[in-house]
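Data block below; observations after.
Note that the coordinates shown come from a computational prediction; the quantities given were computed from them, not determined experimentally. So you know, we letter chains A, B, ... as the sequences are listed, proteins then strands, and number each from 1.
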Amino acid sequence: MPAVSKGDGMRGLAVFISDIRNCKSKEAEIKRINKELANIRSKFKGDKALDGYSKKKYVCKLLFIFLLGHDIDFGHMEAVNLLSSNKYTEKQIGYLFISVLVNSNSELIRLINNAIKNDLSSRNPTFMCLALHCIANVGSREMAEAFASEIPRILVAGDTMDSVKQSAALCLLRLYKTSPDLVLMGEWTSRVVHLLNDQHMGVVTAAISLITCLSQKNPDEFKTCVSLAVSRLSRIVSSASTDLQDYTYYFVPAPWLSCKLLRLLQCYPPPEDGAVKGRLVECLETILNKAQEPPKSKKVQHSNAKNAILFEAISLIIHYDSEPNLLVRACNQLGQFLQHRETNLRYLALESMCTLASSEFSHEAVKTHIETVINALKTERDVSVRQRAADLLYAMCDRSNAKQIVAEMLSYLETADYSIREEMVLKVAILAEKYAVDYSWYVDTILNLIRIAGDYVSEEVWYRVIQIVINRDDVQGYAAKTVFEALQAPACHENMVKVGGYILGEFGNLIAGDPRSSPLVQFNLLHSKFHLCSVPTRALLLSAYIKFINLFPETKATIQEVLRCDSQIRNSDVELQQRAVEYLKLSSIASTDVLATVLEEMPPFPERESSILAKLKKKKGPGAVSVPDLEDGKREGGELNGGGERGPDSAAMSASNASTPSPSADLLGMRSAAPMSAAPTSAGSLLVDVFSEAGPAAPSAAVNDDGFLRDLEPPTETSGLSSELQTPVDSPFNASSRRFVCKNNGVLFENQLLQIGIKSEYRQNLGRMYLFYGNKTSVQFASFTTTVSCPGELQSHILSILRATKPVEPVVEGGAQIQQVLNIECLTDFSEAPLLNIKFRYGGALQNLSLKLPVTINKFFQPTEMTSHDFFQRWKQLSQPQQEAQKIFKANHSMDTEVLKAKLLGLGTALLDDVDPNPENYVCAGVIQTKGQQVGCLLRLEPNGQAQMYRLTLRCSKDSVSLRLCELLAQQF
Amino acid sequence: MIKAILIFNNHGKPRLSKFYEHYNEDTEQQIIRETFHLVSKRDENVCNFLEGGMLIGGSDYRLIYRHYATLYFVFCVDSSESELGILDLIQVFVETLDKCFENVCELDLIFHVDKVHNILAEMVMGGMVLETNMNEIITQVDSQNKMEKSETFIFQSTRQDR
């Protein structure tokens, strides 16, 4: 006899449902429902008290209406009333309504709780189960407060029926999940763990979910469950158990429970007790063996159940990651499944192999299946399986197979499902970067990526290729050539235009020698794409154009004409118009020096986590990308990230053009370039009046905070400091003063609170320095004091230094700026720099910082003009070995003529034309004025463009000056 | 943990929806539609697992489903559940329904929503599996039916029903 006979339902309900089903249109259905709702509402509101049966019928109708997707905003009270009925059917339907329709913050909870309390204490197991179900379904905090202490009691009481125990276990689990603070296991812990030994398999099934969850949260308190779980598992697996009851499913003993036991064990490390461990390993081996046995039934359920256990066993083996034997067996087993005819098994095998790939024992074994996996990627009919195959390829990728895998993924991308393209693009980009042996391969791969799947290449990906090209000078020429070629395609993706614009704007000069890619050809190529692009891309292209003017003066007229045309200079888009106007102006009024400085090549990006990796993590959750991360340790991954050869110093130095209106604007939005963007903007607001020249403003001192800034003990007196400072002064401090060797104005320091600007002027042996202290916060700085000290010998060298004309005010209001003037007199030549110590209180905390003032010996230069003849005569006179200092070094910055000239002029010497027979070389002359003496200096700088090297030679009438100048200057080019 | 159990027919009409996490009604309906959209466009013989839709939590969740004649049975689960295990569970659920309704069909689910909920409640509670043994489940359902019969028999005979 069927358990539910079909005729004995509620007739009214059946009629209503039939009516709905006969409705021909949505409108008719809604009409019928509204009619029924009105009917029920009037019945509930009516004077006549409804009997239980009617209430039940109406509540059932409401449930049906709710299922059809209509809001039910009444009937809750009637449902709650049904809870207190003595009839099972009415109580049951009341509970059903509540578990489906009442959410955890209903006002009715208190009433419901009352009914539940009654049922829990009723000792009627059916009623108790209904009540427990309701708690588990609603699971509100109020319910937890009311019942959290009661339910463990029911769970472990000796006289509780098995079915109630099962419900109590899961009910407790639900409460623990919603309000862990209210469920105190303490005294119950051991009795709950021992439920694993319960006679009744159903109780174990329910209890194991509870124990697993509790173990995850409090592994120590529950660790006794490990041995119990192992012995239970062992009894099931070996079928030695006589208590299997009816839990054998299609010839597999208790598959669900076995899976859950294996899951529970995955909360713990391998058992320490040898006997337990031995028994477990035996179990795992038995499971692996059974998987190989011929099936006991042809039904899919049989193999499903068997394999469910197998996959959990493999997960546990992977989790332990300590039994090489089992790992390799697992891998082989999965390998067989890769070609199984059941799609489900292929799917799961690919998924499990992903985790196996990260184990050092099985990584190689997984790699042997590469062909099968690639084949799966190409031929699987099911996108979710193909996706797993792509994941596995990503996970098994290492240096040995990266090229093959990346190539396969790229070719798959051409036909890949839209839903997974973006993720595939990220993965390809990451693998290409991580395992790039040569960077031309990397550049090719990314450009292919843009070509094949341009729409799915997110900003992070093309930003990243630009970061890498900028940071690696060995790939710049190749990159320029490749993008130039890629742009030849009649239709290329906008992302390609972006990358092309950026790279040619920076490195177009590297391929300009070839007449096929002469400056004008490059420009015309870029500009032919201009009109098809969106506003942001056009903005980037405009920046590339202005960079062209700097790189290739011969394109100036053409580009100016483009900028001048109405469609640019009167463009309705503000950003484009502004760029056009500003660039046009810049190109026509700025001198070549200024232009060269403003448009200098982008400085290297500070190295940090790849933005793409971060994106993939965000997309997939941290677990998903952990595999290649893991390999970082084992293999020497991340080799592209080693911008190491340049080091942070050079990054800080070349930051001097951070505020140029270069395409940086487009990249600055992203995290990777963040430190550079911060300073110039704020510099603008605070220090705008300081700079007389519009040129290269404010380098950001924030680039390397701890580089410039050091919290020192408050200096007691100059004498005490000197020794302490000797060491730090030379390395990190240098960076800031280095930047000021060739210029006199700028931002000396900036952090979150304070910005210090400098403006200085020198005449003869005297100098005056204006310091501007800007409070960037909205809170005042109290007890603001500054002291200038000259460590060690310096005191006698530089001297009267810095008697401040007047002390600074002790209070700097929020947002305000105060000024301090220092007078400097050079007594004799020196090599150290004076220190500026600043102390103030910000919100109660004492801030203390020491900075090196950018006073260098070259500031006291007087330029000397002389003829070629005079120069070489003087040169010969200074022929003693100590008088000459020479250095040969690699170029750190652009070797552009104009840039070099600007720097040499900034040095303070006279730049002599037509002196050196080789026009490529630069010679300068000047006299350093100190109080006691004048030191004549001659300088010769010989660039070698091909080798990107310089030779710098200095001859001075005083040897210490030669050395010092040589040291200072070698860092500038 | 099981986040939701959905049954809908080939046209996407929901026949049962049980959420073990709270959503508002609108979202629930959207999840059903989204899930139907994801599952129904799949061929027969492809695998029975796929990543969850955006509304249900995206790739952290799996949809595990079986298609029987006119009905889709879909379980949305998190990563703590065994896929094949859930597949077996669906099978147990369907076999149980079949026993209880004697050759279950879509109409049975329509006219006996409350019964289907009861049967499901004997298997899954608060998103966790309570019982996997079909005989246990049927015993429980039987005893409830007996109680119900004894109660309804007394009342029903004289009623004007509408």
Does Lys260(A) reach the side chain of Ser82(B), with side-chain heavy atoms less than 4.5 Å apart?
-> no
Among residues 32-50 of chain B, residues within the sub-4.5 Å heavy-atom range of chain A, in order of number, are Arg42(B), Asp43(B), Glu44(B), Asn45(B), Val46(B), Cys47(B), Asn48(B), Phe49(B), Leu50(B)
Quick one: does Val300(A)'s side chain get under 4.5 Å of Gln91(B)'s, heavy atoms only?
-> no
Test item: Met128(B) and Leu210(A) side chains (from C-beta on) under 4.5 Å apart, heavy atoms = no
Indicate yes or no: at least one non-hydrogen side-chain atom of Val113(B) is less than 4.5 angstrom from one of Cys60(A).
-> no
All ring pair (Phe, Tyr, Trp, His ring centres under 6.0 Å) counterparts of Tyr95(A), not counting sequence neighbours = none
List the atom of Leu132(A), the atom of Met125(B), and the distance in Å for their closest heavy-atom pair.
-> O-CE, 3.6 Å
Roughly how far, to the nearest 0.5 Å, is the OH atom of Tyr347(A) from the CD atom of Glu83(B)?
-> 6.0 Å
Give, as side chain, backbone, both or neither, the part of Phe64(A) having an atom under 4.5 angstrom from any heavy atom of chain B.
-> side chain
For chain B, which residues from residues 163-173 of chain A have at least one heavy atom closer than 4.5 Å to it?
-> Ser163(A), Gln166(A), Ser167(A), Leu170(A), Cys171(A), Leu173(A)
Using non-hydrogen atoms only, which part of Leu67(A) is less than 4.5 Å away from chain B: side chain, backbone, both, or neither?
-> both
To the nearest 0.5 Å, what is the distance between OH (Tyr249(A)) and CG (Asp88(B))?
-> 4.0 Å
Any side-chain heavy-atom pair from Met147(B) and Gln92(A) closer than 4.5 angstrom?
-> no
Among the options Val92(B), Leu107(B), Leu84(B), pick out the one with the most heavy-atom pairs lying under 4.5 Å from chain A.
-> Leu84(B)
Nearest atoms (heavy-atom pairs only) where Ala14(A) meets Phe111(B) | O-CE2, 3.5 Å
Got a second to check how far Asn344(A)'s CG is from Leu87(B)'s CG, nearest 0.5 Å?
-> 6.0 Å
Top of Asp26(B), Asn24(B), Asn135(B), Val129(B) for chain A proximity - count of heavy-atom pairs under 4.5 angstrom = Val129(B)
For Asp73(A), does the CG atom have more than 12 heavy-atom neighbours from other residues, nucleotides or ligands under 6.0 Å away?
-> yes
For the candidates Arg174(A), Glu380(A), Lys177(A), Arg263(A), which exhibits the highest count of non-hydrogen atom pairs separated by less than 4.5 Å from chain B?
-> Arg263(A)
Measure Ser80(B) against the heavy atoms of chain A and call it side chain, backbone, both or neither at under 4.5 Å.
-> both
Honestly, the part of Ser258(A) sitting under 4.5 Å from a heavy atom of chain B is neither
So which part of Glu342(A) gets closer than 4.5 Å to some heavy atom of chain B, the side chain, the backbone, both or neither?
-> neither
For Ser79(B), is it the side chain, the backbone, both or neither that has a heavy atom under 4.5 Å from a heavy atom of chain A?
-> backbone
Please, which pairs that meet salt bridge (charged side-chain N to carboxylate O under 4.0 Å, His left out) have at least one residue in residues 91-100 of chain A, sequence neighbours excluded?
-> Lys91(A)-Asp119(A)
State the OG1-CD distance between Thr205(A) and Glu136(B), to the nearest 0.5 angstrom.
-> 9.5 Å
Would you say the side-chain atoms of His117(B) pair up with the backbone N or O of Leu96(A), donor to acceptor, closer than 3.5 Å?
-> no
Taking every heavy-atom pair that is under 4.5 Å apart, which of Gln266(A), Arg21(A), His133(A) has the most such pairs with chain B?
-> His133(A)
Has Lys13(B) got more than 12 heavy atoms of other residues, nucleotides or ligands less than 6.0 Å from its NZ?
-> no
Of the backbone (N, CA, C, O) and the side chain (C-beta and beyond), which part of Glu81(B) lies under 4.5 Å from a heavy atom of chain A, both, or neither?
-> both
Side chain, backbone, both or neither: which part of Lys146(B) has a non-hydrogen atom closer than 4.5 Å to chain A?
-> neither
Distance from Trp256(A) atom CH2 to Ile86(B) atom CD1, nearest 0.5 Å?
-> 4.0 Å
With only heavy atoms counted, which part of Ser18(A) is less than 4.5 Å from chain B, the side chain, the backbone, both or neither?
-> both
Interchain contact, Gln30(B) with chain A, by part (heavy-atom threshold 4.5 Å) | neither
Contact part of Gln144(B) toward chain A, heavy-atom cut-off under 4.5 Å: side chain, backbone, both or neither?
-> both
Check whether Glu312(A) gets within reach of chain B through its side chain, its backbone, both or neither, counting any heavy atom under 4.5 Å.
-> side chain
From OG1 (Thr132(B)) to CG (Leu257(A)), nearest 0.5 Å | 7.5 Å
Measure distances from Arg346(A) to the heavy atoms of chain B and classify the residue's part below 4.5 Å as side chain, backbone, both or neither.
-> neither
Among Glu28(B), Glu21(B), Met134(B), Glu95(B), residue most engaged with chain A (heavy-atom pairs, under 4.5 Å) | Glu95(B)
Please report the shortest heavy-atom distance between Gln29(B) and Phe66(A), naming the atom on each side.
-> NE2-O, 3.9 Å
